[in-house]
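Data first, discussion second: the structure below is written as structure tokens.
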Amino acid sequence: MKPFTALLGAAAGTHATDQLALATLPLTATLVLGAGPDLLGLLVACQSAAWLLISLPAGAWIDRAPRRTLLIVGLSLGLAASIVAVIAAAADLSILLGLAAFAGAAGTVVYALTSVSLLPSLVPPADLARSNARLELARAIVSLAAPFASGLLAQLLSPTWGYGLAALGAGLALACILALPKAPAPQSASDRASFAAAIEAGARFVVRHQLLRGISLCAIFWNFAFFALLAIWAPLALGPLGLDPASMGLAQSAYGAGLILGAVAAPLAARRLPPLVILIFGPAISVVAACNFLVAPAGHGFALAAAGHFLVGFGPMMWLICQTTVRQLVTPAPLLGRVNATVQTVIYGVRPLGALAGGLIAAQAGWQAALLLIAVSFLLSTLVILLSPLARLRALPQAACA
């Protein structure tokens with residue numbers, strides 16, 4: 001099996017495991033453990049906390065240890081977590097279910113950061129954009145299919161069967177990674193530095209690099225807006241838009257369709273358009289999407305909301321693939337793990353703030369005020385790109401020296 005084919009197969013299995021666990025956790029907690037909103041919130045928080053707490057130390061390990069080994073560790077965590085979650089449900093142990101949720105998400109964190117850091121060593125620089133698009137396409141497809149699969153299994157069999165399917169995905173991913181050739185650990189000055197100093201070096205590189213700084217600031221504003229939108233979507237859809245739950249879910253599924261089409265279109269766009277166009281288009285089309293949600297209650301609520309969700313998936317997916325490629329090219333190989341971890345930590349740190357802000361403003365000042373906040377945040381993410389050197393990037397940068 002070719003190395004990239006193995007990585008692609010592992011990506012499909014890993015993201016299937018992660019998305020199935022995300023969808024199965026609330027079903028298991030509610031239908032099997034009888035959890036209320038408070039306990040369910042704590043369990044979901046355990047799952048999301050891993051992205052914030054594990055990313056930085058994982059990034060430092062990626063730049064010190066053999067990356068194939070770390071991929072195996074991450075996938076093994078996902079496999080073990082799925083099995084432990086079934087045991088927790090059978091034993092009615094919510095604490096154990098929370099630990100399993102945290103461990104499974106931690107495995108995904110390790111895998112995601114390691115794979116994006118490993119990819120530049122598996123494919124030539126000219127193929128990075130296409131390879132990133134194929135990896136993101138695999139993630140988009142399973143993200144669309146996993147909620148339906150877990151719901152169907154919960155209805156026909158039991159909610160915990162979703163964890164069984166997640167374990168199967170992790171096992172298949174692990175088999176793919178075992179097909180990768182062994183490689184030595186990256187040679188880095190971080191091997192001689194303290195763990196904290198190694199993490200600081202990655203953060204300092206992001207802050208000082210103009211392209212990475214622009215990418216990070218854009219991602220901060222965009223993720224703040226997106227999670228504010230997620231927080232108010234259900235009351236907006238069921239209230240002012242007058243949608244029933246089925247229509248609400250159907251409109252939101254347009255986001256998954258946008259992700260898939262964005263991943264399909266990204267390689268073609270990368271060949272025909274300069275990077276600056278894609279980097280501006282992603283956040284700019286999100287502003288259009290926010291305007292769709294603002295005017296939706298006036299009429300054609302379902303169509304405008306579905307179009308808004310589609311645009312928020314389509315343009316930003318193309319942006320994600322492009323900026324990931326830029327990030328991989330401008331970062332020296334020994335720093336890739338820590339740089340990727342720094343960007344990811346910043347993104348996941350701002351997400352709960354966006355959700356809290358969206359919910360509070362909608363509750364205190366109304367949904368229109370919350371949607372204005374979302375539109376302004378998307379606009380700020382666009383302005384960051386326009387005011388940074390990213391807006392002058394007519395070709396992908398040369399690969400950085402190690």
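Side-chain contact check for His209 versus Arg327: every heavy-atom pair is 4.5 Å or farther apart. Counting only heavy atoms from C-beta outward, the side chains of Arg68 and Leu178 approach each other to under 4.5 Å. Contact check for Val206 versus Arg213: no side-chain heavy atoms found under the 4.5 Å cut-off. Annotation: side chain of His309 is in contact with side chain of Phe293 (closest heavy-atom distance under 4.5 Å). Looking at heavy atoms from C-beta onward, Val343 lies out of side-chain contact with Leu212 at the 4.5 angstrom threshold. In this structure, the side chains of Gln344 and Asn340 stay at 4.5 Å or more apart for every pair of heavy atoms. The side-chain heavy atoms of Arg134 and Phe4, taken from C-beta on, include a pair separated by under 4.5 Å. Considering only heavy atoms from C-beta on, Leu336 stays 4.5 Å or farther from Ile62 through its side chain.
A distance-only check finds a donor-acceptor pair linking the side chain of Thr382 to the backbone of Pro283 [under 3.5 Å]. Panel note: side chain Ser158, backbone Ala154; no donor-acceptor pair is recorded below 3.5 Å. A donor-acceptor distance shorter than 3.5 angstrom exists from the side chain of Asp63 to the backbone of Arg338, with no hydrogens or angles considered. Here the side chain of Thr14 pairs no donor or acceptor atom with the backbone of Ala11 at under 3.5 angstrom. Using a distance-only test at 3.5 Å, with no hydrogens or angles considered, no donor-acceptor pair links the side chain of Asp127 to the main chain of Val123. No donor-acceptor pair under 3.5 Å is formed between the side chain of Ser55 and the backbone N or O of Leu52. Checked by atom type and distance alone, the side chain of Thr69 never pairs as donor or acceptor with a backbone atom of Ala65 at under 3.5 Å. Thr17 places a side-chain N or O within 3.5 Å of a backbone atom of Ala170 that can act as its donor or acceptor partner. Between the side chain of Arg130 and the main chain of Pro267, no donor-acceptor pair closer than 3.5 Å is present. In this structure a side-chain-to-backbone donor-acceptor pair under 3.5 Å is present from Ser388 to Ile385.
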Check your understanding: Between Leu25 and Tyr163, does a side-chain contact (heavy atoms from CB on, under 4.5 Å) hold up when you go through it step by step?
Key -> CA-CA 9 Å; Leu25 176 64; Tyr163 284 119; 3.5 Å; yes
Exercise for review: Please test Leu135 against Ser115 for side-chain contact (heavy atoms from CB on, under 4.5 Å), starting from the C-alpha separation and ending with a verdict.
Suggested key: CA-CA 10 Å; Leu135 293 174; Ser115 63; 5.7 Å; no
Practice item. Take Ser286 and Trp222 through the side chain to side chain donor-acceptor pair (under 3.5 Å) test and state the conclusion after the steps. Key: CA-CA 8 Å; Ser286 302; Trp222 192 92; 2.8 Å; yes
Practice item. Could you check Cys176 against Leu172 for side-chain contact (heavy atoms from CB on, under 4.5 Å), going step by step and ending with a plain yes or no? Key: CA-CA 6 Å; Cys176 289; Leu172 292 174; 5.8 Å; no
Review point. Stepwise, does the side-chain contact (heavy atoms from CB on, under 4.5 Å) test hold for Ile215 with Cys218?
Key: CA-CA 5 Å; Ile215 287 170; Cys218 177; 5.9 Å; no
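Taking the ring centroids of Phe226 and Tyr255, they lie under the 6.0 Å cut-off.
Contact detail for Leu279 and Trp319: the closest heavy-atom pair is O-CD1, 3.1 Å. Closest of all the heavy-atom pairs between Cys322 and Ile278 is CB-CG2, 3.8 Å. When all heavy atoms of Leu8 and Ala138 are compared, the closest pair comes out as CD1-CB, 4.3 Å. Across Ala370 and Ile232, no two heavy atoms sit closer than the pair CB-CD1, 4.0 Å. Pairing each heavy atom of Leu259 with each of Ala140, the nearest pair is CB-CB, 3.7 Å. For Ala133 against Ala266, the heavy-atom pair with the smallest separation is CB-CB, 4.3 Å.
Separating the OH atom in Tyr348 from the CG atom in Asn223 is a distance of 8.0 Å, to the nearest 0.5 Å. Taken to the nearest 0.5 Å, the CD1 atom of Ile177 stands 13.5 Å off from the CZ atom of Arg67. Summarising the geometry, atom OG belonging to Ser121 is positioned 10.0 Å from atom CD belonging to Gln328; distances are rounded to the nearest 0.5 Å. From Phe221, atom CZ reaches atom CD1 of Ile374 across 15.0 Å, with rounding to the nearest 0.5 Å. Atom OG1 of residue Thr342 and atom CD of residue Glu200 lie 10.5 Å apart, to the nearest 0.5 angstrom.
For CG of Leu157, the number of neighbouring non-hydrogen atoms (other residues, nucleotides, ligands) closer than 6.0 Å is greater than 12. Within 6.0 Å of CH2 in Trp367 there are more than 12 heavy atoms belonging to other residues, nucleotides or ligands.
Between the side chains of Thr324 and Asn132, no donor-acceptor pair of N or O atoms lies under 3.5 Å.
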